[in-house]
Amino acid sequence: MEIILSIAIGVMTTCGVWLLLRPRTYQVIVGLSMLSYAVNLFIFGVGGVKTNVPPLLGDDVVTSSLADPVPQALVLTAIVIGFATTALFLVVLLASRGLTGTDHVDGRGDRK
Amino acid sequence: MSAIIIFTAVSLAQLMIGAAMAIAAVRMFRGPRAQDRIIGLDALYINAMLLLVTFGIGTGRVVYFEAALVIGMLGFVSTVALAKFLMRGEVIE
Amino acid sequence: MLKSSSRSLPSLIAGLVALGCLAASIAAYPAIAEGEILRANLEWLPQFGLEFALRMDGFAWLFSVLISGIGFLVVVYARYYMSEDDPVPRFFSFLLAFMGAMLGIVISGNVILLSVFWELTSIFSFLLISYWHNSAAARDGARMSLTITGVGGFCLLIGVLLLGNIVGSYDLDKILASGDVIRNHPLYLMALIFILLGALTKSAQFPFHFWLPNAMAAPTPVSAFLHSATMVKAGVFLLARFWPALAGSYEWFILLGTAGIITLLLGAYFAMFQQDLKGLLAYSTISHLGLITTLLSLGSPLATVAAIFHMVNHATFKASLFMAAGIIDHETGTRDMRRLSGLYRFLPFTATLAMVASAAMAGVPLLNGFLSKEMFFAEAVETHADSILDRILPYVATLAGAFSVAYSLRFIHTVFFGRQPVDLPKPAPHEPPRWMRFPIEILVVICLIVGIVPSLSIGPFLHVAVTSVLGADTPEYSLSIWHGFNLPLIMSMVALVAGTVIYFVLRRYLASCADGPPVFRRLRGQRIFERILVEVSWRWARLAEQRLGTRKLQPQLRWVVFTGFLAGMLPLTLSGFEPRPFAFSGVDPMFAVIWLIGICLAIGTAFMAKYHRLAALVMLGGVGLTVCITFVWLSAPDLAVTQLLVEIVTTVLILLGLRWLPKRNEGVDDAITLRARFRRFRDLALAIVCGVGMTFVAYAVMTMPVPDAIATYFLENAYTEGGGRNVVNVILVDFRGFDTLGEIAVLGIVALTVYALLRRFRPAADSMSMPEQQLIQNRFDEERPERSAGDTVKEYLLIPSVIMQWMFPVLITFAVYIFMRGHDLPGGGFSAGLTLSIAFLLQYLAGGTRWAEDRIRILPLRWMGAGLLTAMVTGIGAWFLGYPFLTSHSRYIELPLIGKMPAATALFFDLGVFLLVVGSAVLILVALAHQSIRINRLRASDTEKTKGGEA
Amino acid sequence: MNGWAHHLIIAPVLLPLAAAAILLFIDERSRMLKGLVSLAAALLLVVISFVLFRIESGPNDFEGVYLLGNWTAPFGIVLVLDALSALMLLLTSLLGLAALVYSLARWHTVGAHFHTMFQLLLMGVNGAFLTGDLFNLFVFFEVMLAASYGLLLHGSGPLRVKAGMHYIAVNLAAALLFLIGVSLIYGTTGTLNMADLAARIPEIEPDRRMLMEAGAGVLGIAFLIKAGMWPLCFWLPTAYSAASAPVAGIFAILSKLGIYVILRLTMLLFGDGPSAGFGANVLLYGGIATLIFGIIGVLASQALGRLAGFSVLVSSGTLLMVLGINDGAVSSGALLYLVSSTLTIGAFFMLIELVERGQDAGANVLAVTMEAYGDADEDEPEEGDGVTMPGTMAILGTCFAACGILLAGLPPLSGFVAKFAMLSSMMGTGAIGVPPTAAVWTLVVLVILSGVASLIAMTRAGIRTFWGSIEGTVPRVLVIEIVPVMFLLGLTLVLTVQAGPAMQYMDTTIRTLANPSVYIDAVRNATVITDYDDQAKVSTEGTN
Amino acid sequence: MLPYPLLTVSLILMWMLLGGFTPGQFILGTLVAVFASWAMASLRPDKPKIRKWHLLPKLVAIVFLDIIRSNIAVAKVLIFGRSKTGRAGFLSIPLEIEDRTALAVLAIILTSTPGSAWLEYDQHDKTVLLHVLDLLDEDEWIGLVKNRYEKLLMEIFA
Amino acid sequence: MMGSVVDIPLWGAIVVAFFLLIGASLTLIGAIGFLRLPTFYERIHAPTLGTSWGIGGIMLASMIYFTLSSERLVIHEILIGIFVTVTTPVTLMLLARAALHRDRAENDDSVPGKFRNDRES
Ligand code: NA
Ligand code: NA
């Protein structure tokens, strides 16, 4: 399982970095979202990969076998903050587009 | 015995659903038009939901039900928004 | 604040202050004469040996008297010199401040403090030179002097720091007592060079001399004070001060001697060819300072006596000359010697005074200048360290003496004698007010007294100064006028005669030549300096900034990614980390299939994001879904639910934004340059490398069990201590509730920012028009008689909206459910909040903004504020029970019929989260959605405007 | 400090949060009320942080560990008040107060929710200074960043929006690096608490250590981006100079936050043990590069805003370099320098706007915000028709000169004192008989060169600004605009005069930092309150 | 007090399905459901008037069976291909019902049933445009819609 | 993955497996159709197999399984069925109508309607 998850993280990082370095604001925001996925999975995976042992306590649950809840809590926070910043970046890129007339990250006009 | 039956059935079902998801993804990839991609995403959502339910059966846990229910209840919202965007060029007027 | 037009009061105050300083200095004389050293200490930065230590010995005393005495005279003079239009209070305050700084230099008992005052004199001299800042010359001169002396000050600082390193103290006494240690220390040369740089820049020694003539744009009192008597003396003062500690080595002699001799000669030579009166005096000052420097360089005690003596003498005659020049300028309106002549008949007193002073400058017997010059000549013929410098010194000295005779003669002859002046800017010059001449008179009298009865007048004072510098090394010296018919006297005679000859030979040429000496006229230190400064500090800097920096985003992000990659990889590669071999065993094939899909969609997203935004968005949604399935698969149902909800809201958000982005068609910019291709290749390579790195690191860390983690504690205590079965939720609202508090703050801030930014949002011109679809549909509606505008969209949503409305109460119920169960099972405030926001969003989608807001009035700001307060007050509640912030109380309470209910205070905290999330998400969505309405208004007002414009 | 007083530690976080929450309930149109609430909060914050500072500078070894939620150290989040954090809190609150007062003149009216975001910025910065938990640090970094995004964009306009976009993009990338770093550290050590981490690091096995160091490296990049190390700093001058004056003023503390975290973590985690000195070279060489770039930028800047922005880089470069040298005495000098340069740059950013207002009558706030097509019905700033003060130019000129002297490190102000303290401990009495090494020489030369560059640039700019044109109109400056500037400059004066005691404090601070076991023990040994009544008994017994 | 009793009951049912069939959950569910219904009222939707309650189960049963049938039919088409006469095609059907809720129910039925899809409703012509996967006989389809569903719906909603 | 399968009666297992496979195969068939059908309007029919009896089968399987394994009535899966049934038409309707608009705007003759886009030619 680890190997799949690692490769997934790697591929998403690649796609995310590639998009992040593109000149169009939309590409950048998509890239940031993609990188967020990669990073969230990374944080998540750090706690170890376990199937079907959600950190939910029941009467008959052996706590030591459960998945590490800490990375999950961290990812939850990261998801929320990622959501917020995506929204923000979106609005800023819209404002930039409105003010400069282009969707280039440097506000440069398109060569025509 | 019943465990083996269920295990086999769940595995087979998941494989089929997985194939269905792959096909949906192919549609999202190939299009040819935006509506095809959107409907592909919708199908992917539904199939994912089915996958989660089978996963629940396979693991014998009900806690994964919530995720499936969220897809069932709210999964359509993004599709609606996408469709409206196609139709009107604007999501909220 | 004083009225800036009055001159008397400020000058009175300034004069009294200067006089007070003088009186205080004089009062200290008895003690000083006893060889006492007066001290005052204040702590400043004791950890680093910096004390506010004042220390007055004989040398310092002599300088204090000089500074405050001449300072007082300059104040008197300035009272009449300054015009009523000038902001006089500013002038006097700067002047006094400068005087204070200068006094500080001479009485500092700590070398760091000395360098502090040193820089202060630079700063105040800058302000004084630029006093008439409307003149470009004043501004440039001031800047140049500040740049050079300021940098020199920094060098001095390094120098004294090194002294501190050598000696272990910045205390002047200790340093002066450690001469041998210093001279034998490996850092000596370094320290010497830096200190000399400081001294030579300040005293305008070659090759840093050129700032001084440019500083002549200053008002004349400033020149008289700073550029003859005090500031430029600071350099030679410092050399004499440090003489016991630094002098006597070969390096000292070579470095200082070279600079001194060149300055001496060049200064005198340049002075002859100046047309500006003050220019002449400035170069003469440079030359005389060179003389003093040369004397100090010799390393002989006797030469040092001569140096100190000449410092005093030069100060007196040069200050008086500057003041005289000022009077001439004041009365005639010009300082150009080509225009001045025959002023004697208008200004007989001033002329006489000037003549005496310039005779002193030329070294005419019976005047003070003669005495110290004779001592110089005597030292020049002695051999100190056998070198070429030593051997040429007598000739150089004589030649420079001759030059100085020549320019002194020229000053007097050209200005005061000859034909009547024509075309003066101010006709009919006359003698200045009585008290304006007074300072000159005093100084000239001193010149005469010292010149005639040196040992009776200056003798004791000089002695006090000399002994405090040289201590036990104080030589026998005599201040008498007549030492017999000796070599120095012959040299003086030669110089006098030769100087007279030179002047009369050059007279014709000088009467009309351009400013500056032949040959070197073009070679102006000032211009070279300016050019270098502009070149280095402006053009090169700009070029370098462009090369080393960027204002584009992509290179910046590339750097971030690249350095981030390096920072992660280098510690691993350098320490020889061995990546674990990949193991494919135990892989759930279904999971592999899911990620095969996910990876394809991710690549598809990257591929499509430029030209097919919607497709990219759809695929990104697919990737998000894959992530969500992963969370389910790997035991994180909470994350899955949250991820899903966020995914939905984000998709809608981005869709809301897409409408404002420009249309992009494939093939518009098909002409991909080679450079762009390279850039893409590089980015791709970087992206792949990063991806591979992440894969390896992720794999390594995932296959490594978390050691003795805090996780165990959480798992074991979540229920018993935290009162919840969903450990993730207990962590979020209890164990690490503070994180959540911060997190909701982030969400709130972002919502506010979005709102604030969108209030000013103005779409680009090409997004102003209605989307094409709406145009087409509206046209269709308008063309059909049975339809009216907007019918299409009404029909479109007619049936779906019914179902979407039905979902509203359902989603509310669901949100409450998610919220209530969060503590024990997947869910919680955040998920519930997002669910409720989606419920609202759906109504906006179904009915449009107006419809929705007509029915449901959401006040998102109130929700947000309530959320923050609820979360916070819950946390603070613990205070009243004596516990820290956010301490939760959990217990299950038995309610009739309902049964066991979790009633943790954490639930209230989660309620805060819920409220804030609803408020923020709705605020963001609504603010974006409102743009479509706003644009209609904008469009309408624009049409109105164009109509108005046409009419 | 028991009972209620103990809660003072968390007050610097909660107070701005409470203010922000209350501000949300006040209508956007009642600016006065909003301003008053915000001002009151800022004033109270100064008082609180001053009390905390006094406690820390007092003789008793107070260990201010606050166990949030009453959970013991590695499990819950802790706040730690020590000499360093107390100092930074005080600095932040003073700067915050000045910037806030300044904004009340007109800037707070040019956009929505200025005060709310301002308070939340203070909350984020204070939280980051106080927290003893790595992930909580991330959260407060994000609070601070989010608020800074909002404040940078405050007033809108093409320049700000473009600068803001770059700023946000770079910092979002940095946030991702932060997360990667934190999770790697958690994955390899199993803890997030900084003290616990410091205690665990010496004991972890080699391959974990390597991964942990990789995590620390990535984390470091995130901080260095904030601190503005070359080549991660290009956004900084643009962003800071585009920000409105009070915002740029408070931003002066933000780059120092990066420095603070690096200082804190390197001293705590990499002080000694097998990972000792980790990253020191990066700091040294990065600092050198930053300083060089800062110097170049200072010289190359025509606009005052960019000049100030590059001064931030100069300051960062100097500090990073000193951290790279990692010598106690030098570091305490650096701490003084940090305080001095923060105050200076904060004052300078606010001053710039006042000065430039006179240069070009049209280029004032109103023109920026109205930008020809702003919705006139919204946010019409009240006409700031205060009386033009007598001697405005003289005051502005004096302030400008003071800024120049402080930036150039010329005597006698604190800029000089701080530089002297650093240089002296490297090559003066602090290093008697130790010949300066190449690194020290480089540092000395660069520090001096930076002073020269600032001197040249500031005189050039000052001459152009104040004396350039004869007809330059006297800017209309309100008292509440110039007073904050003078207040900050006055603080540098206090720092100058009280250099001895100040240095004493810095010395103690650095010495405490250099001995991490104090910090570690304090956090690890902090005990939860088991029963309030017992606790009360204990405390009364203690006082008897 | 209770603007939408049917809705409220459904919500209570939903709550108990989620939370469990206990008296406590019933009370809680009721509270929430009442609140949600009240929220629904604020939207002021067209209030459906259901006249003949007893016909609802009939409708559900019919639809249930039809869906099974068409599942098989469509699966056949997808696996084996269409019969030679069959084709996919558009179909315009005039409708008599006007109630939005009834229309919505009809749309749900037709769309949920594999093989037919509701595309567009024209308010002026009162016609619906359907797309049918396996269109053998248009009239048969029109008859199906009108007789099997519309009639029943018109009886239920009047 | 098969961490905690509770034993249920054999008949139950068979029934569960049956419904599970029915649902999954209908879903797969629908997906295949979705891939193979030539036009958009035909393709929208395909996923409804999954959203009707695909879901139906799997939900039934889940309900039976959990009811048997936990020995109490577990039928909350009904909710998923209801909501998917109710919401799928919304998406399909909106999407199909949008597709109609787009085709008509391009004057695609294979699509019925009065609408013609005159500007497009
Ligand atoms: Na019409
Ligand atoms: Na259908």
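What you see below is based on every heavy atom in this structure, not just the backbone, and it leaves out hydrogens, waters and symmetry mates. Here is how names work: the chains are called A, B, and so on, in the same order as the sequence lines, proteins then strands, and each is numbered from 1.
With a 4.5 angstrom heavy-atom cutoff, F:Thr85 touches chain E via backbone and side-chain atoms both. Within the 4.5 angstrom heavy-atom criterion, no atom of F:Leu95 approaches chain E. Heavy atoms closer than 4.5 Å to chain E are found in both the backbone and the side chain of F:Ile29. Heavy-atom distances place both the backbone and the side chain of F:Leu49 under 4.5 Å from chain E. If you measure heavy-atom distances from E:Val105 to chain F, you find no contacts under 4.5 Å at all. Contacts of F:Thr39 with chain E are absent, with no heavy-atom separation under 4.5 Å from either backbone or side chain.
When each of F:Ser52, F:Ala96, F:Gly33 is scored by its heavy-atom pairs under 4.5 Å with chain E, the top score falls to F:Ser52. Ranked by heavy-atom pairs under 4.5 Å with chain F, the list E:Leu78, E:Asn71, E:Leu17 is led by E:Asn71.
Separation of atoms CG (F:Leu92) and CD1 (E:Ile108) is listed at 12.0 Å; rounding is to 0.5 Å. F:Arg43 CZ to E:Leu133 CG: the interatomic distance, rounded to the nearest 0.5 Å, is 12.5 Å. The line from CG of E:Asp134 to CD of F:Glu42 is 10.0 Å long, rounded to the nearest 0.5 Å. Distance CG/F:Leu94 to CG/E:Leu119: 11.5 Å, rounded to 0.5 Å.
The closest side-chain heavy-atom distance from E:Ile67 to F:Trp53 is below 4.5 Å. Contact annotation: the side chain of F:Thr48 never approaches that of E:Val74 to less than 4.5 Å [non-hydrogen atoms, C-beta and beyond]. Under the 4.5 Å side-chain criterion, counting only non-hydrogen atoms from C-beta, F:Arg72 is not in contact with E:Phe21. Side chains of F:Ile44 and E:Thr111 form no contact here, defined as non-hydrogen atoms less than 4.5 Å apart.
Taking all atoms of both residues into account, the shortest heavy-atom contact from E:Phe90 to F:Val111 is CE1-CA, 4.4 Å. Minimum interatomic distance between F:Met93 and E:Ala107 (heavy atoms only, all atoms of both residues): CE-CB, 3.6 Å. What you find for E:Leu129 and F:Arg104 is that their closest heavy atoms are CD2-NH2, 3.9 Å.
Using bins of under 30°, 30° to 60° and over 60° for the plane-to-plane angle, the ring pair F:Tyr41/E:His131 lands in the tilted bin.
When the shell of 6.0 Å around CZ of E:Arg44 is examined, it contains more than 12 heavy atoms from other residues, nucleotides or ligands.
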